[in-house]
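Just so we're on the same page: letters track the sequence lines, and every chain starts at 1. Predicted model only: the values in this text are computed from it and were never measured.
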There are 2 protein chains.
Amino acid sequence: MEKGSIRIKDIAEKANVSVGTVDRVLHNRGNVSEKAKKKVLAIIKELNYEPNLIARTLGTNKVFNIAALVPDPDLDLYWREPFNGIEKAEKEFFQYGIRIKKYTYNQYNPDTFIESANQVLENKPDAILVAPIFFNVSQEFLGNCKERNIPFVLINTDDRAQKPLSYIGQDSYQSGLLAAKMLHYGINGGGKLLIAHLAEDLESSTHLIKKEKGFRHYFEQQEELDDQFEIVSHYLKIPFQVPLLDQMDAIMNINPDIAGIFVTTSKAFEIAGYLEVIGREDIKLIGYDLLEPNINYLEKGVIDFLINQNAKGQGYLGVSVLNDYLIFKKKVDQLKYLPLDIISKENLQYYIDSEK
Amino acid sequence: MEKGSIRIKDIAEKANVSVGTVDRVLHNRGNVSEKAKKKVLAIIKELNYEPNLIARTLGTNKVFNIAALVPDPDLDLYWREPFNGIEKAEKEFFQYGIRIKKYTYNQYNPDTFIESANQVLENKPDAILVAPIFFNVSQEFLGNCKERNIPFVLINTDDRAQKPLSYIGQDSYQSGLLAAKMLHYGINGGGKLLIAHLAEDLESSTHLIKKEKGFRHYFEQQEELDDQFEIVSHYLKIPFQVPLLDQMDAIMNINPDIAGIFVTTSKAFEIAGYLEVIGREDIKLIGYDLLEPNINYLEKGVIDFLINQNAKGQGYLGVSVLNDYLIFKKKVDQLKYLPLDIISKENLQYYIDSEK
DNA sequence: TCAATTTTTGTGTGCGCACACAGTTAATGA
DNA sequence: TCATTAACTGTGTGCGCACACAAAAATTGA
């Protein structure tokens, strides 16, 4: 029943030193003669030593405190998902010594971000998971983290200029392309397409801009398509100042021949509701994310497809990366795009199941 | 820096017994007085004790030998994927004490299955992962496993009547539905659809039958669709007796108005090649699995969508389940359907990346 | 040359658990 | 009543690693 794997002890014996010395070179703790170091290193290489991670986590009986700084899940359904993902990871990695403290902020108010961010820094966490949705405000915070040598992982909003340990999120441009494909495929012969940004603020939402860009590029790539399809885009501010019904009526009046709508946020259900009311369920509708109301309209057939950005996965993976880094000392990928899943009524169940 | 979690020792102290006794009740090893047992059990419940899995795997210094019995990956591209998944899991779970020995058989020859299966039994593995693609022949083997109390997990082919620890695979019926949806969505106004079974043997391929059933049901569900679409299905035996070109020509002659084709196996690239040759890339084409040649035609736009059954994931998850069962003593799900991913040119990359 | 350092190396303990074995108490029988 | 089992309970060791501390060897200085 030999386990076969090589232990520190084996290396020590082969190098005629003690396990302490091997340990020292393994962790670069110094206080090792050049001679010994070379010898140990050679043998490690020769034997292809891989540390036993199980034993390591048990041995380093350390607790790591991670701060998670994300929008308040009670203010927006979308943010419920990453939040759940973080909590799932919290349970799973507890036994490895990972402790997570969650800090939330109001996604409509940058000041609350600053406030929570300060709290995070006060508590001196060992690592940070953050969704830096306010570009300007985040800069200072992330700068502070770097100054204090606190590693951080970014989710949802890419800001790799800040050199995070890792960015986990979506490729917005590509998802725009994908949405375009799905509408194009479903609409033979061309027509008019509407991009609907249902958001609080368009300027600072680089995501949405990128999605639109990807969407448009899909059609611009081929001259033939470019002729067949016409694209209009509208920004519908949330919360609605003017009732959605009126806003959409206005749009539909000017563009009575709309054949497909691409909602760039998780608010497709709003548009779906509208289409249902005016009895235009023939218009193809694509949106994002498996929120309850979206799922309902997907099952009814009003929404044709949802692109799943796997928001829950973002939260989970974010913590997972930190766990790999802190506990297992693995090197982690600097960039992780999550799959853009295409969800229809027919394969919905699997994605709901696997989210549990 | 207290870790906070409760240890066996804590329970022992609180119950005024030794850790040995606690261990005995935890593992039902007997030799414990009713009184002590009750007390310990109560405290375990009260403290909500969760064993430290890390320490457990280190403590039970056991090696488990798993036998994986799957079709030879060199005889069919499809089976390369689960094979890779198994190897990935092999590396990952090595440190937990999992050792995997792979046995392959010729998927076109049941006798080779019997032969390999016998070898498996001879070597008395602790658990088995098997793709039981020959229904009849498998029965005896699985019966033998049960007799010898060797737990087994099934992948790819469902045979839950044999009470496996778990079945991991696809929901063929549902994937037929999904394929139908994708063709329906892409073909406005109806038309003739071809189901093409490119397989070695149709009768014993319950998968393919189920896929066809799901596909047809999609259209039968709604009277309107039933009128719009006509479905024909053909079995094209592999390896081809008559050149595919001729077979397809014959089919196309009888059904010149085919608007979409659903290939129920991973051989969509064959049909794609045909469509390319006859210059009928307008015909919608749906197939399965991310094989190299399929991917090529997907990128060219000849294949519109591929349904990814995540074959690699089947292999990986199979081992993972066994690991959970043997090492961590977790209870495992008896059934795990993998997501039916819809792959188009635009989101292909993410699935290829994550397969690495 | 020899004590005082400094550098290098070795040893021991703990992490939480599993399990073998020794030790204790209770039940049994003649 | 006391040996003989049987039923139960406690102790000790190891898993592979990290890390503190003790020990030894090499270097320094007067």
Taking for each residue the nucleotide of DNA chain C with the nearest heavy atom, is it B:Arg24 or B:Ala55 whose nucleotide lies nearer the 5' end?
B:Ala55
Tell me whether the OP1 or OP2 atom of C:dC19 has a side-chain N or O from B:Arg29 closer than 4.0 Å.
yes
Whole-Å distance, B:Glu50 CD to C:dC17 C1', equals 15 Å
Which of C:dA18, C:dG10, D:dC19 is nearest the side chain of A:Val17? It is C:dG10
Shortest non-hydrogen separation from A:Leu129 to A:Ile155 and the atoms involved:
CD1-CG2, 3.6 Å
If you only use heavy atoms from C-beta on, which nucleotide in D:dC17, D:dA18, C:dT9 is closest to the side chain of A:Val32?
C:dT9
On the nucleotide D:dT9, are OP1 or OP2 found under 4.0 Å from the side-chain N or O atoms that B:Ser33 carries?
yes
Using only side-chain N and O atoms of B:His27, determine if any of them is under 4.0 Å from OP1 or OP2 of C:dC19.
no
Just to confirm, is there a sub-4.0 Å distance from OP1 or OP2 of D:dC15 to any side-chain nitrogen or oxygen of B:Thr57?
no
Heavy atoms only, 4.0 Å cut-off, all strands: where does A:Ile8 land among base, sugar-phosphate and nothing?
sugar-phosphate
Atom NZ of B:Lys9 to atom P of C:dC15: distance rounded to whole Å?
7 Å
As a test of reading the structure: which of C:dT9, D:dG16, D:dC8 is closest to the side chain of B:Asn31, going by heavy atoms?
D:dC8
Between P of D:dC15 and CD1 of B:Ile327, the distance in whole Å
17 Å
For B:Leu53 and C:dC15, give me the distance from atom CG to atom P, rounded to whole Å.
19 Å
State whether the side chain of B:Gln95 and the backbone N or O of A:Leu53 hold a donor-acceptor pair below 3.5 Å, judged by distance alone.
yes
Roughly, in whole Å, what's the span from CD1 in A:Ile54 to P in D:dC15?
16 Å
Taking the six-membered ring of B:Phe94 as reference, does the NZ or CZ atom of B:Arg99 fall below 6.0 Å from its centre and within a 45° cone about the axis?
yes
Of B:Val19 and A:Gly20, the one whose closest nucleotide on DNA chain D sits nearer the 5' end is B:Val19
So does B:Asp74 pair up with B:Arg80, basic N to acidic O under 4.0 Å?
yes
Atom pair distance, as rounded to whole Å: CD in B:Glu34 and C1' in C:dA27:
17 Å
Rounded interatomic separation in angstrom, taking CD1 from B:Ile11 and C1' from C:dG16:
11 Å
Which listed nucleotide (D:dT9, C:dC19, C:dG10) is nearest to the side chain of B:Ala36?
D:dT9
Between A:Thr60 and D:dA18, is there a contact of a side-chain N or O with OP1 or OP2 at under 4.0 Å?
no
More than 12 heavy atoms of other residues, nucleotides or ligands under 6.0 Å from CD of B:Glu46: yes or no?
yes
Would you indicate, yes or no, if C:dA18 has its OP1 or OP2 atom less than 4.0 angstrom from a side-chain nitrogen or oxygen of B:Arg56?
yes
Keeping the roles fixed (side chain from A:Ser166, backbone from A:Val153), state whether a donor-acceptor pair exists under 3.5 Å.
no
Protein-nucleotide distance (A:Asn28, atom CG; D:dA18, atom P), rounded to Å
13 Å
Return no unless some side-chain N or O of A:Tyr49 is found under 4.0 Å from OP1 or OP2 of D:dC17.
yes
Under 4.0 Å from OP1 or OP2 of C:dC19: is there any side-chain N or O of B:Lys62 that close?
yes
